[in-house]
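Only one structure is covered here, and it is reproduced in the block below.
Fair warning: this is a prediction, and the values are worked out from it, not measured in the lab.
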Amino acid sequence: MKRPLRIGNASGFYGDRFDAVREMLTGGELDVLTGDYLAELTLLILGRDRLKDPALGYAKTFLRQMEDGLGLARERGVKIVTNAGGLNPAGLAGALRALAERLGLPDVRVAHVEGDQLPVPEGALTAHAYLGGGGITACLRGGADVVVTGRVTDAALVSGPAAWWFGWGPEEYDRLAGAVVAGHVLECGTQATGGNYAFFTRHDVRRPGFPVAELHEDGSAVITKQHATGGVVDTGTVTAQLLYETAGARYPGPDVTARLDTVRLDADGPDRVRISGVRGEAPPPTLKAGLNRLGGWRNEVVFVLTGLDIEAKARLVREQLEGSFAKTSDVRWELARTDRPDAATEETASALLRLVVRDADPDAVGRAVTGAAVELALGSYPGFHVTAPPGKGAPYGVFEAAYVDPAGVTHTAVLPDGERVVIPPAAVTRPLEPVPEPPLPEPLPPGPVRRAPLGLVAGARSGDKGGDANIGVWAPTDRAWRWLAHTLTTDRLRELLPETASLDVGRHVLPNLRALNFTVTGLLGEGVAAQARFDPQAKALGEWLRARHLDIPEALL
């Protein structure tokens with residue numbers, strides 16, 4: 001049996017901690033170092049970069065990190081696998097070869113994966129399919145030291161190297177599913193080691209280290225971190241990341257569908273959590289695809305309302321501007337009551353009135369907004385001012401998810417010697433079907449209750465998938481799970497989060513994780529780049545839920 005694969009992650013998004021590559025390469029033993037740089041919004045940014053310069057379209061930060069990291073990785077025998085290639089993996093691969101020559105490392109072998117880009121429909125900026133790990137596997141088998149990809153699934157950065165390391169075949173679903181689950185835990189970097197964690201006050205998470213997975217040949221894994229790094233790895237931090245941006249029990253991908261309802265987590269020592277029991281199924285017959293386009297133009301003005309008569313001041317501004325945006329397609333007002341009575345500072349005595357306008361015509365959100373707002377400066381409510389001078393408006397993006405036939409996608413590994421290896425689509429597929437809801441635990445016996453925040457007895461993490469949001473909620477103990485599973489229904493969620501009241505809310509029960517995963521369809525409009533909501537990625541939706549009060553058994557408090 002081959003020894004475990006030790007694989008780490010040094011980036012969860014484009015803009016993550018720059019020195020993480022060095023920290024991971026010098027902090028302990030690794031076989032593979034991954035970096036995830038892509039998100040729905042990132043591809044829109046890279047698309048705009050490439051409009052300015054066709055040679056761009058990749059994450060420039062990664063290339064700068066390799067000025068130091070390439071030599072360190074070579075010296076320590078660590079393979080590097082990253083999706084930083086974005087819209088131009090061949091361009092980044094070429095830039096890396098040139099960098100290796102300048103650094104005196106001409107023997108560094110660079111490969112890349114392509115084929116994810118689809119024909120771009122008229123009016124769109126980018127179109128891409130989400131590829132699996134097969135191209136990465138082929139590149140590593142071809143002797144690559146560095147593998148650059150475009151849009152692969154985030155978990156493929158781990159499952160691809162795992163299949164290479166252990167020699168797995170494409171239908172070893174349980175093993176592949178275990179690697180996909182480990183990859184999902186690693187993909188967002190320090191979110192697995194205490195970052196953005198609901199119970200952050202219980203640990204020192206000022207500078208959490210990046211995560212490492214020790215993958216075993218049977219598909220099980222231990223999640224940990226490099227020695228002498230901050231943060232924490234426990235069953236709670238791993239549960240939080242497992243629930244992040246997922247939905248039901250079936251977690252589909254191009255190589256395998258992982259069954260999240262089979263995942264078991266167990267403590268394996270300090271900062272070590274074992275993942276076992278993961279089952280996999282054949283992947284779905286279609287590939288997920290993403291399309292980014294410019295949706296129009298957007299502008300925003302934030303009026304500061306201070307002291308008394310906040311509601312009346314807000315009403316006056318709205319009435320004064322009412323006729324200014326008659327031709328604007330989307331006008332939204334939001335009053336945030338951040339003010340406090342008898343406040344000790346002017347800022348804490350102030351509320352914020354946010355005006356957001358969107359339209360296909362840049363002129364409709366430009367001078368029409370700035371002129372109307374500025375002209376009120378001496379003729380509106382007392383204390384009139386805004387947080388920043390109104391701008392001329394900016395374009396916003398829209399992300400659309402679609403599904404395509406894998407036969408129309410040429411997934412290709414370009415090996416270090418230039419050989420092109422086409423990766424065939426999955427020979428066996430299985431349509432996705434909902435998993436029957438498992439039985440709920442025995443409810444707690446009746447007893448006294450107290451009105452208190454949900455977050456005292458449950459953790460949560462939330463995120464976005466296009467225009468939809470998910471909220472994963474978990475109980476730290478069996479007794480809390482017995483209460484949570486029966487209490488937090490879809491109707492109760494809508495009561496606690498009134499913004500969701502008119503939307504389609506789904507609930508998925510994951511007993512092994514003592515967790516509920518909610519999906520809220522359409523909460524985010526056209527996605528993060530459209531900025532249709534105050535929290536456009538739903539990052540804090542779970543924390544809002546945890547702050548809501550309901551009757552909780554005193555035995556849990």
*Residues E214, R272: salt bridge by 4.0 Å N-O rule*: yes
_Contact check, side chains of L497 and V505, non-hydrogen atoms, under 4.5 Å_ = no
*Take R548 and L454 through the side-chain contact (heavy atoms from CB on, under 4.5 Å) test and state the conclusion after the steps.*
CA-CA 6 Å; R548 296 308 309 266; L454 174 63; 5.8 Å; no
*Does the side chain of N470 pick up a donor-acceptor pair with the side chain of N517 at under 3.5 Å?*
yes
*asked:* Any heavy-atom pair between the side chains of V205 and Y197 that's under 4.5 Å?
replied: no
*Answer yes or no for R358 and Y396: cation-pi contact, defined as NZ/CZ to six-membered ring centre under 6.0 Å and angle to ring axis within 45°.*
yes
*What do you reckon, is CZ of R206 surrounded by more than 12 foreign heavy atoms closer than 6.0 Å?*
no
_Less than 3.5 Å apart, any donor N or O on the side chain of T489 or D491 sitting next to an acceptor on the other?_
no
*Classify the side-chain pair N512/D261 by whether it contains a donor and acceptor separated by less than 3.5 Å.*
no
*Look at the side chain of N9 and the backbone N and O of F210, then say whether any donor-acceptor pair between them is shorter than 3.5 Å.*
no
*Report yes or no: does T237 contribute a side-chain atom to a donor-acceptor pair with the main-chain N or O of A192 at less than 3.5 Å?*
yes
_Main-chain N/O of P441 paired with H486 side-chain donor or acceptor, under 3.5 Å_ = yes
*Interatomic distance, Q241 atom CD to C188 atom SG [nearest 0.5 angstrom]*: 4.5 Å
*asked:* Restricting to non-hydrogen atoms, name the atom on T126 and the atom on L43 that form the minimum distance, rounded to 0.1 Å.
replied: CG2-O, 3.8 Å
_Does R264 have more than 12 heavy atoms from other residues, nucleotides or ligands lying within 6.0 Å of its CZ?_
no
*To the nearest 0.5 angstrom, please state how far the CZ atom of R450 sits from the CG atom of L557.*
5.0 Å
_Atom CZ of F534: over 12 foreign heavy atoms under 6.0 Å_ = no
*Among Y58, F62, F13, find the one that has a ring-ring contact (aromatic ring centres under 6.0 Å, His included) with Y37.*
F62
*Just wondering, do K60 and Y14 contact through their side chains at under 4.5 Å, heavy atoms?*
yes
*Tell me, with the steps shown, if Q191 and Y244 meet side-chain contact (heavy atoms from CB on, under 4.5 Å).*
CA-CA 9 Å; Q191 281 197 168; Y244 181 64; 3.6 Å; yes
*Salt bridge between R332 and D330, side-chain N to carboxylate O under 4.0 Å?*
yes
*Look up atom CD in E347 and atom CG in L352, then write down how far apart they are to the nearest 0.5 Å.*
8.5 Å
*Does P161 reach the side chain of L140, with side-chain heavy atoms less than 4.5 Å apart?*
yes
*Could you give me the CA-CA distance, side-chain angles and deciding distance for E400 and R293, then say whether salt bridge (Lys or Arg N to Asp or Glu O under 4.0 Å) is met?*
CA-CA 8 Å; E400 296 175 9; R293 60 180 172 83; 2.9 Å; yes
*Assess R546 against F199: is NZ or CZ under 6.0 Å from the centre of the six-membered ring, and within 45 degrees of the ring's axis?*
yes
*Has E334 got more than 12 heavy atoms of other residues, nucleotides or ligands less than 6.0 Å from its CD?*
no
*Can H112 and L92 be said to form a side-chain contact (heavy atoms from CB on, under 4.5 Å), step by step?*
CA-CA 9 Å; H112 73 275; L92 179 55; over 6 Å; no
*Counting distance only, does the side-chain N/O of T500 pair as donor-acceptor with the main-chain N or O of L503 below 3.5 Å?*
no
*Under a 4.5 Å cut-off applied to non-hydrogen side-chain atoms, are D271 and V232 in contact?*
yes
*Could you state the interatomic distance from CZ (R482) to OG1 (T477), rounded to the nearest 0.5 Å?*
10.0 Å
_Intermediate values then yes/no, side-chain contact (heavy atoms from CB on, under 4.5 Å), E300 and V302_ = CA-CA 7 Å; E300 176 178 309; V302 181; 3.7 Å; yes
*Tell me, yes or no, whether the heavy-atom count around H227 atom NE2, taken from other residues, nucleotides or ligands under 6.0 Å, exceeds 12.*
no
*Within the side chain of T338, is there an N or O that forms a donor-acceptor pair under 3.5 Å with the backbone of S350?*
yes
*Which pair of non-hydrogen atoms, one from K465 and one from E245, has the smallest distance, and what is that distance?*
CE-O, 3.3 Å
*asked:* Main chain of A469, side chain of D464: is a donor-acceptor contact present, judged purely on distance under 3.5 Å?
replied: no
*Using a cut-off of 6.0 Å, state whether more than 12 heavy atoms not belonging to R48 lie near its atom CZ.*
no
*NE2-CG distance between H508 and L516, expressed to the nearest 0.5 angstrom*: 10.5 Å
*Do P211 and K225 have side chains that get closer than 4.5 Å, going by heavy atoms?*
no
*asked:* Tell me the closest heavy-atom pair linking Y130 and P254, and the distance in Å.
replied: O-CG, 3.7 Å
*Might you point out which heavy atoms bring K539 and S462 nearest each other, and give the distance in Å?*
O-OG, 3.2 Å
_Can you tell me how the ring of Y251 sits relative to the ring of H184, calling it parallel under 30°, perpendicular over 60° and tilted otherwise?_
tilted
*Sub-3.5 Å donor-acceptor pair from the side chain of R151 to the main-chain atoms of Q117, do we have one?*
no
*For the residue pair L484 and A458, what are the closest heavy atoms and their distance?*
CD1-CB, 4.4 Å
_R76 and L30, any side-chain heavy atoms less than 4.5 Å apart_ = no
*Mind telling me whether F303 and W333 have parallel, tilted or perpendicular rings, with 30° and 60° as the class edges?*
parallel
*Output the distance between atom CG (L186) and atom OG1 (T193), rounded to the nearest 0.5 Å.*
9.5 Å
*Is there a donor-acceptor contact under 3.5 Å from the side chain of R461 to the main chain of N196?*
yes
_R533 side chain to D535 backbone, donor-acceptor under 3.5 Å_ = yes
_Salt-bridge criterion met for R64 and E67 (N-O under 4.0 Å)_ = no
*Determine whether T34 and N83 make a side-chain contact, defined as any pair of heavy atoms from C-beta on separated by less than 4.5 Å.*
no
*Is a side-chain donor or acceptor of T257 paired with a backbone partner of R250 at a separation under 3.5 angstrom?*
no
*Applying side chain to side chain contact (heavy atoms under 4.5 Å, CB included) between V238 and each of L513, L243, V185, V181, report the one that passes.*
V185
_Smallest separation among heavy atoms of G253 and P284, with atom names_ = O-CD, 3.4 Å
